[in-house]
Participant: 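Encoded as structure tokens, here's the structure I'll be asking about.
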Amino acid sequence: MTVKLSVIYYSATGTVRGMAERLAAAAEQAGAEVRLRQVERQATGGEKAATDAQSAEAEAAQGAPGATADDVVWADAVLFGSPTRYGNIAGQLKIFLDSLGAQWAQGQLADKVYAGFTSSQTAHGGQETTLLALYNSIYHFGGIIVPPGYTAGLKFVDGNPYGVSHVTGANNDQPLGQAELDALDHLATRVVTIAGRLAGE
Ligand SMILES: Cc1cc2nc3c(=O)[nH]c(=O)nc-3n(C[C@H](O)[C@H](O)[C@H](O)COP(=O)(O)O)c2cc1C
């Protein structure tokens, strides 16, 4: 059986988008059928300037298709990504999660593998709390959270057993480093492997 995996993210300034794209590529490499999706953008406050600076055309070229409930129901495994916002997930992703009530009520979100990824501006700015906040919803789904833990030596380098995270720095412009790229590849591969085992492969 080919594992079906959705990567669903929100990203205002592109960091989480880059992480999502890397995860999608690694999951494909691991043999999964992948959907890469973004939740609807609702620019507010400080993000507005960055958003306005980009043309609609460039925006469309960068963005994945919009996520729907079917992208979760369809999948054996789902990776959710969000920037850290006040130590929590972005409202845009929460709105998407909150839109899944009908699917939740029918048990269509349960028994899947889930994990999360995030980026923040500062090293102690709440990446772990963001991932734990995301996982609160996954418990209610009846999902099977598959964190990376320290299941490979490389996890002692990026250092986040809860998921994958990246620090963008004071100017919000630090690119993903090798430690984060390795951690993203590891998470995608691990999630595809565990989802495959659950499916009886
Ligand atoms: C409203 C708002 C709240 C934020 N809260 C935090 C925070 O709690 N901790 C932190 O380190 N960075 C915080 N940031 C910075 C973002 O997490 C950071 O820029 C992130 O890497 C952006 O990801 P993106 O490029 O995918 O949009 C916040 C940014 C905004 C706009």
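For the single chain, residues carry numbers from 1 onward in sequence order. Keep in mind it's a predicted model, so treat the numbers as computed, not measured. Numbering of ligands and ligand atoms starts at 1, following listing order. Scope of the values below: all heavy atoms of this structure, side chains included, with no hydrogens, waters or symmetry mates.
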Participant: Quick check on Gly126 - does any of its heavy atoms sit under 4.0 Å from an atom of ligand 1?
Facilitator: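 No, that is not the case, since the closest heavy atom of the residue is not under 4.0 Å from the ligand.
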Participant: Step through the shown structure and confirm whether more than 12 heavy atoms of other residues, nucleotides or ligands are within 6.0 Å of CH2 on Trp74.
Facilitator: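 Yes, CH2 of Trp74 has more than 12 neighbouring heavy atoms, counting only those of other groups under 6.0 Å.
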Participant: When Ile, Leu, Val, Met, Phe, Trp and Tyr are grouped by side-chain heavy atoms lying under 4.5 Å apart, directly or through other members, which residues fall in the same group as Tyr150?
Facilitator: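 Result for Tyr150 is Phe156.
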Participant: Is it the case that one hydrophobic cluster holds both Trp104 and Ile145, taking links as side-chain heavy atoms less than 4.5 Å apart, direct or via other members?
Facilitator: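 Trp104 and Ile145: one cluster.
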Participant: Is it the case that Glu33 and Thr2 place a side-chain donor and acceptor less than 3.5 Å from each other?
Facilitator: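 On atom types as modelled, these side chains do not qualify, holding no pair under 3.5 Å.
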Participant: Below 4.0 angstrom from a heavy atom of Gly14, which ligand 1 atoms are there? Numbered from 1 as shown, please.
Facilitator: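 Near Gly14, the atoms of ligand 1 are 24 (P), 25 (O), 26 (O).
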Participant: Identify, by atom number and element, the atoms of ligand 1 in contact range of Gly125, meaning under 4.0 Å from any of its heavy atoms.
Facilitator: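 So the answer, numbered in order with elements, is 7 (C), 8 (O), 9 (N), 10 (C), 11 (O).
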Participant: With backbone taken as N, CA, C and O and side chain as the heavy atoms from C-beta onward, which portion of Thr84 lies under 4.0 Å from ligand 1: side chain, backbone, both, or neither?
Facilitator: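 Both of them.
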Participant: Show me which atoms of ligand 1 lie under 4.0 Å from any heavy atom of Thr168.
Facilitator: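 What qualifies from ligand 1 is 18 (C), 19 (O), 21 (O).
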Participant: Using a 4.0 Å heavy-atom cut-off, which part of Asn172 comes near ligand 1: side chain, backbone, both, or neither?
Facilitator: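 Within the 4.0 Å criterion, Asn172 contacts ligand 1 through side-chain atoms alone.
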Participant: Could you tell me which atoms of ligand 1, counted from 1 in the order shown, lie closer than 4.0 angstrom to a heavy atom of Gly87?
Facilitator: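 Once the distances to Gly87 are compared, the set is 8 (O).
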Participant: When only distance counts, is Pro83 in polar contact with ligand 1, meaning an N/O pair under 3.5 Å?
Facilitator: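 In this structure, Pro83 places no N or O atom under 3.5 Å from an N or O of ligand 1.
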Participant: With a cut-off of 4.0 Å, which atoms of ligand 1 are near a heavy atom of Thr13?
Facilitator: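 Within the 4.0 Å cut-off of Thr13, ligand 1 contributes 22 (C), 24 (P), 25 (O), 27 (O).
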Participant: State whether the shortest distance between N or O atoms of Tyr10 and N or O atoms of ligand 1 falls below 3.5 angstrom.
Facilitator: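 In fact, backbone or side chain, Tyr10 has no N or O that close.
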Participant: Not counting sequence neighbours, which residues clear side-chain hydrogen bond (donor to acceptor under 3.5 Å, both in side chains) with Arg22? List them please.
Facilitator: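 Checked Arg22 against side-chain hydrogen bond (donor to acceptor under 3.5 Å, both in side chains); matches are Asp185.
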Participant: Please determine whether the number of non-hydrogen atoms from other residues, nucleotides or ligands lying under 6.0 Å from atom CG of Asp111 exceeds 12.
Facilitator: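 No, the 6.0 Å shell around CG holds no more than 12 heavy atoms from other groups.
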Participant: Applying the side-chain contact (heavy atoms from CB on, under 4.5 Å) criterion to Phe117, which one of Asn160, Val7, Leu134 satisfies it?
Facilitator: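 Among Asn160, Val7, Leu134, the one meeting side-chain contact (heavy atoms from CB on, under 4.5 Å) with Phe117 is Val7.
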